[in-house]
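Working notes, structure below.
A note on names: the letters A, B, ... follow the listed sequences, proteins ahead of strands, and every chain is numbered from 1.
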Amino acid sequence: MNTSTRHIPWGALGPWLALAAACLFFATQSDRFLTGENLSLVVQQVMVVGVLAIGQTLIILTAGIDLSCGMVMALGSMVVTKLAVENGLHPALAMVCGVAVTSLFGLLNGLLVTRAKLPSFIVTLGTMNIAFAVTQLYSKSQTVTHLPTFLTDIGNTFTVGGTEVSVGTLLMVGLYLLAWRTLSDTAPGRHLYAVGNNTEAARLTGINVDRVLIGVYVMAGFFYGIAGLLSIARTGVGDPQAGQTENLDTITAVVLGGTSLFGGRGIILGSLVGAIIVGVFRNGLTLMGVASVVQTLITGVLVILAVATDQMSRKGGR
Amino acid sequence: MNTSTRHIPWGALGPWLALAAACLFFATQSDRFLTGENLSLVVQQVMVVGVLAIGQTLIILTAGIDLSCGMVMALGSMVVTKLAVENGLHPALAMVCGVAVTSLFGLLNGLLVTRAKLPSFIVTLGTMNIAFAVTQLYSKSQTVTHLPTFLTDIGNTFTVGGTEVSVGTLLMVGLYLLAWRTLSDTAPGRHLYAVGNNTEAARLTGINVDRVLIGVYVMAGFFYGIAGLLSIARTGVGDPQAGQTENLDTITAVVLGGTSLFGGRGIILGSLVGAIIVGVFRNGLTLMGVASVVQTLITGVLVILAVATDQMSRKGGR
Amino acid sequence: MNAPQQHTLVMQAKGIVKRYGQVTALDGTDFELRAGEILAVIGDNGAGKSSLIKALSGATVPDEGELLLDGKLVHFKSPIDARRAGIETVYQDLAVAPAMTIAENLFLGRELLKDHPLGRALRMLDKKAMLAQAVQRMNDLKVGIRSMTQAVETLSGGQRQCVAVARAAAFAQHVVIMDEPTAALGVKEGNMVLELIRRVRDKGLPVILISHNMPHVFEIADRIHIQRLGKRAAVVNPKVISMSDTVAVMTGAKLVEELPAEALA
Amino acid sequence: MNAPQQHTLVMQAKGIVKRYGQVTALDGTDFELRAGEILAVIGDNGAGKSSLIKALSGATVPDEGELLLDGKLVHFKSPIDARRAGIETVYQDLAVAPAMTIAENLFLGRELLKDHPLGRALRMLDKKAMLAQAVQRMNDLKVGIRSMTQAVETLSGGQRQCVAVARAAAFAQHVVIMDEPTAALGVKEGNMVLELIRRVRDKGLPVILISHNMPHVFEIADRIHIQRLGKRAAVVNPKVISMSDTVAVMTGAKLVEELPAEALA
Amino acid sequence: ADQPIIGLITKTETNPFFVKMKEGAEAEAKKIGAKLLTAAGKQDGDTATQIAAIENMVSAGAKTILITSSGDAIIPTVKKVQAKGVQVIALDSPFEGADALFATDNYKAGELIGQYAKAALGGKKAVIATLDLFPGHPVGAQRHNGFMKGYGLPAMDAKSNELSKDAAVVCMADSFGDAAKGQTAMENCLQKNPDINLVYTINEPAAAGAYNALKKAGKEKGVTIVSVDGGCQGIKDTTAGVIAATSQQYPLKMAAMGVAAGADYAKGGKKASGYVDTGVTLIAGKSVAGVDSKDTKVGLDLCWGNK
Ligand SMILES: Nc1ncnc2c1ncn2[C@@H]1O[C@H](COP(=O)(O)OP(=O)(O)OP(=O)(O)O)[C@@H](O)[C@H]1O
Ligand SMILES: Nc1ncnc2c1ncn2[C@@H]1O[C@H](COP(=O)(O)OP(=O)(O)OP(=O)(O)O)[C@@H](O)[C@H]1O
Ligand SMILES: OC[C@H]1O[C@](O)(CO)[C@@H](O)[C@@H]1O
Ligand SMILES: [Mg+2]
Ligand SMILES: [Mg+2]
């Protein structure tokens, strides 16, 4: 019996309700909020955290946690930009290399979790430090600028019916849909849930638990690499300082999205909504002209309210 | 069936072994390392994180997590110093007020976790933001100096057999022993383990789960208050910037100390050892003259090695 | 065997309804437990036996219906309330803390405290006394467990069940409820538990026994409550009715009306 | 009933030892399973029955001893190896994923894939087929479960057990092992499982059945392996030996030597 | 609605320096009737939050953004909003493409305290510890390297993000600009080499931590601490002999100039441009021969641009 039963997972609908409530509230506070331009902005702002959160969700669904995600992303983006700018590699090839490096870090995490049977918290705490240090040493802590446009093109926007849509946003949404269908419609996806829900049962039914876990960590690394590409496109530089606050941000998105930290329960689309909720709070409060410290205060209250509202609606519904 | 079975808890002996190994290593690298003076210093350095980790351990043992611990501590230390310096309250009374405030924050966390049935991650993420903002608003982000010596006396040291011992260190060790004996030798301590190990079983056997949880969060708040007093004594100021990296530090200490993030398994003394291990790494690497980025790199490797060594010794022992 | 006292009802439930989403686990069931009796509750899988005893023991709050204890209306909002009323329960999924030892589990929520003022004030555990008592209780069940300081998760299925049974038998003050206490037990251990149930009854406490084991039920029960499709189908007298008739009513092969009147209890 | 073929051994274990810290769960036990037979394994709680079948199914790796499948030495390092060899097992603690649905649990690790090249390449689930088959298999067991898309954690104890049994029976290719498959089942459901076991045997697959239910054992077993104190005490023939003698050997009240030679099998 | 909207984005919420800057901006905005929006990163180096803040403020109608950049990752976003007619002014920390920069010269700030330290030691052999910011931060590198240059040790130039090393520097540790971490770093450095007699600190909180460590070791008398910031608190510390000398900066001035530039742009449509050095003043407890410094009374009068 998992102790997580205490925390009724807030399921599939909850995060959407919370998001809708937040949007409604801000719409009454500022007429700029509901414009297509503003909303498109919010989505662009959560693009990087959103894609990182795909990887984080996969890992949390297996009852693990990944503290290395932001730092691994930063390393990936430095590899891409340095190879493309300083070593003159074709940008496409540089991108492949960057994603390969982040996937390898994922592999390292996966091997340590499965082969050495270490808790994911410790493993990724270690690799977080390692990735950070390698990033600083490799880049000499220098930002890489003057990137070929090839690297920034996925940050471009085009207009659909008066609203700006960025290529990166589409990519993010596409990746979410892909991850979602893979989790719900394929055998490996189902095995992932089983491993997170009851590892021992998964093992006894003949699921290769280690292979599932290693696959998950590698996939997560892959998504961190993609997030790195998006961050390059969004900022237009290779930034060795990137990724430092992203761990908590991604875990927040996942939990706000209704996934249990105890594994096996949750829907990945929730993480996207969770990431957007945070973006909406920040954007809405700024539009209202709330001072930054007070924003922090209100965000604290709103985060609790968002989950509480849903919890209550659930009780009423019973 | 808890998925945590995958991660064999590394038990009572593991952290001590890892600590011993680290000390042995650094002793071969620097003759200054094993001096009484240096070791006493390391312990003083981990005093604040160590006491915070008592509260964090209690909460993690119930299968929760507390992200608010550092910020709540910072708020407590601002309350104490401002009341004592600016409002002219007697320092002892100011201390009581500070600890009362942090305990109240604990109560708030506890009520939200039990009454509103929200995941502790979300609750404490929210109160972390709230405590942070209140600290900044209340203190206007100004450091409070010129403290009455009453407030800094617990930072004093005295000499025992040639080695400096600080009052705060003794306090920390005393609190650990108290917490340890309470957990292992009293009914409430046993109930705490039961709630963390299998909440539903605890409920069915007639344990008042909500009361246990609220008690745990209030106690944790109390320990954060004490940690705030120690941080005042150590730095000699009321620092609104304090507590920002302490969340991860305390969780790291707890996990290095062998407590499972899934609750119900662990020994609180391990957290003290976990905190000291981190301090030893930092001190030892500085004594070796390792550059800071490289220190980060090596710390990453050492954290993984520390837990892996134990894991292997466990396998051999079977 | 003590004859049940003239129908003093210790526990009574009327029209209990419990729904889980679409599923109606209890569909207005009644229930009566007389003083000093062993009442068996039988029924197909999913008939609502566990749901019923969860309502009786405060583990769930029913959606409708009322519960009387010694003739007085009670509202159990949690297992704590039921425990205060002296009701002890062995749950089907055992409700043990796997990482804790046998001795710890036996006394969970009912720890023995050191018998001096300080001990009581600080709620200090009397570990020695608990260990000694644990050894004795487990020996009563003749279960060959070497050490009481072993974690429950290392026990065999049957050994684990013995821990739960020993706990309930030891602490009950008023009513003992056991949900399939012998399901995982061997022949010998199963008989020990039946013996234990008799001893409890002989102390004057009524026992509710849920079981699929018909020989056990007919060996020990004073009355049999047959649960069917979330309702009480009948209460029968095992001294009069045959095992096969009982099973027929339970599975719906026979209607209650077809039974002779003296078979009902 | 098919007579067992002339002693072809499908599975054989020699001198298996399994220790957990201080506890020796298996103390050099032997084991033999003949082609096409139903072999019951009985023994007191803690006798080592579950430990034995865990070793046979790859769930644990024994400390000593050897295991032969069809006369060939095998080393099961994990349940995956045993499953590849066509061995399906119902574990005593059921090994289900509580948050997943009945249908999902039934096909866990053996999912049906969409039957087109893309489906196979991407390992896309054929949910419709799995649902249909789940309904059918559960109906076979006559267990009244309304919806196959219900999470297993919402099922009653017996319903949960049926899920595990149905899974093993459905997928076995070579050997079926069942650790107390009827412990939580009602009379009707228990009989359905016995029926199912017979059907499996009649398909030619040998079945290992662990059970504390002596009537069940004597009703269905071709031979009975008696486990005692971590060792095989005897293998007896239920057609010759009495139930009480069997129990006597199992509990140590009678020595094997005291049995007539024809009672052994 | 015709009220000009000006955004101020700082590195963090907690550093008193930025808090002061925000106060200054608020006061100035009130004075001239502008609406001020504020935001801050979660920690030093958090450019992601700063970028989102730029976008959100522009969405809220801000026509001028004042920003203390946490890193060059903000540049493309700045360009984007500039293209929409928004004026972006860098405060405190420079970056490429800002319309204007109102800031301290951090390299110079380091040089000043380096020169002072050299003179203060008066030919004694220096055994140096540096308590730096954290890896990779330009302000940290510029001050460190400036200090080295000022002391006459080999040093990288103002562009570099790497920390110069030399045998005279026996211990380099990160303080994260924080008192508690500065104290721990200093304690460990003293264990490494008890003979340390000169300590460079990235800012005044770190200096306070270093002093605490020295005092606990009974060494506060023989060691010279130099620092940067010149906050009112830091100047008091300088008076008390905790800090020997500090390079004072003027965040209030940066803020006031920034808000004024915002108002001008709203009114006349004229963008500010170029670099305005808001100045840096060496404040010393005791002046030393050959180095130009002001005393702490002046420092206190000026602290962070009070006047
Ligand atoms: N938490 C729950 N959520 C949804 N349905 C439930 C839940 N608990 C029980 N049920 C359903 O209620 C019905 C009655 O279950 P209950 O456990 O009372 O049966 P039972 O008579 O004890 O069966 P068994 O003999 O198998 O233990 C079953 O159909 C079960 O699926
Ligand atoms: N993981 C473990 N750690 C320690 N001891 C164990 C472990 N698993 C089993 N044991 C011990 O090994 C012995 C045999 O256990 P096993 O589960 O094989 O018994 P069993 O014959 O299946 O009993 P039951 O009929 O109660 O299911 C028991 O004494 C048990 O306590
Ligand atoms: O963290 C670095 C920052 O700290 C300050 O020195 C203020 O204390 C700023 O000038 C600088 O940008
Ligand atoms: Mg039941
Ligand atoms: Mg067993």
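To the nearest 0.5 Å, the span separating OG1 on B/Thr205 from OH on C/Tyr91 amounts to 9.0 Å.
Residue B/Ser184 touches chain C through both its backbone and its side chain, counting heavy-atom pairs closer than 4.5 Å. Contacts of C/Leu112 with chain B are absent, with no heavy-atom separation under 4.5 Å from either backbone or side chain. Heavy-atom distances place the side chain of C/Arg167, and not its backbone, under 4.5 Å from chain B. With a 4.5 angstrom heavy-atom cutoff, C/Leu108 touches chain B via backbone and side-chain atoms both. In this structure, the portion of C/Arg83 lying under 4.5 Å from any heavy atom of chain B is its side chain and not its backbone.
By the neighbour-count criterion of 12 heavy atoms within 6.0 Å, atom CZ of C/Arg110 is densely surrounded, having more than that number from other residues, nucleotides or ligands. The number of heavy atoms from other shown groups lying within 6.0 Å of CZ (C/Arg120) is above 12.
B/Pro188 and C/Arg123 make their closest contact through CG-NH1, 3.7 Å (heavy atoms, listed as atom of the first residue, atom of the second, distance). Across every non-hydrogen atom of B/Arg203 and C/Gly58, the tightest pair is NH1-O, 4.4 Å. In this structure, B/Leu204 and C/Ala59 approach most closely via the heavy-atom pair CD2-CB, 3.4 Å.
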**OP:** Might you work through the salt bridge (charged side-chain N to carboxylate O under 4.0 Å, His left out) test for C/Lys54 and B/Glu200, ending with a clear yes or no?
**Re:** CA-CA 13 Å; C/Lys54 279 186 191 153; B/Glu200 184 60 13; over 6 Å; no
**OP:** For the pair B/Arg265 and C/Met100, evaluate side chain to side chain contact (heavy atoms under 4.5 Å, CB included) and give the outcome as yes or no after the intermediate values.
**Re:** CA-CA 9 Å; B/Arg265 293 160 201 262; C/Met100 301 178 79; over 6 Å; no
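Salt-bridge check for B/Arg190 with C/Glu111: failed, with every basic side-chain N at 4.0 Å or more from each acidic carboxylate O.
At a threshold of 4.5 Å between non-hydrogen side-chain atoms, the residues C/Pro98 and B/Asn198 count as touching.
Interface check for chain B: of the options C/Ala99, C/Ala95, C/Ala97, the most heavy-atom pairs under 4.5 Å are formed by C/Ala99. Across B/Asp185, B/Asn208, B/Ile207, the residue that shares the most heavy-atom pairs under 4.5 angstrom with chain C is B/Asp185.
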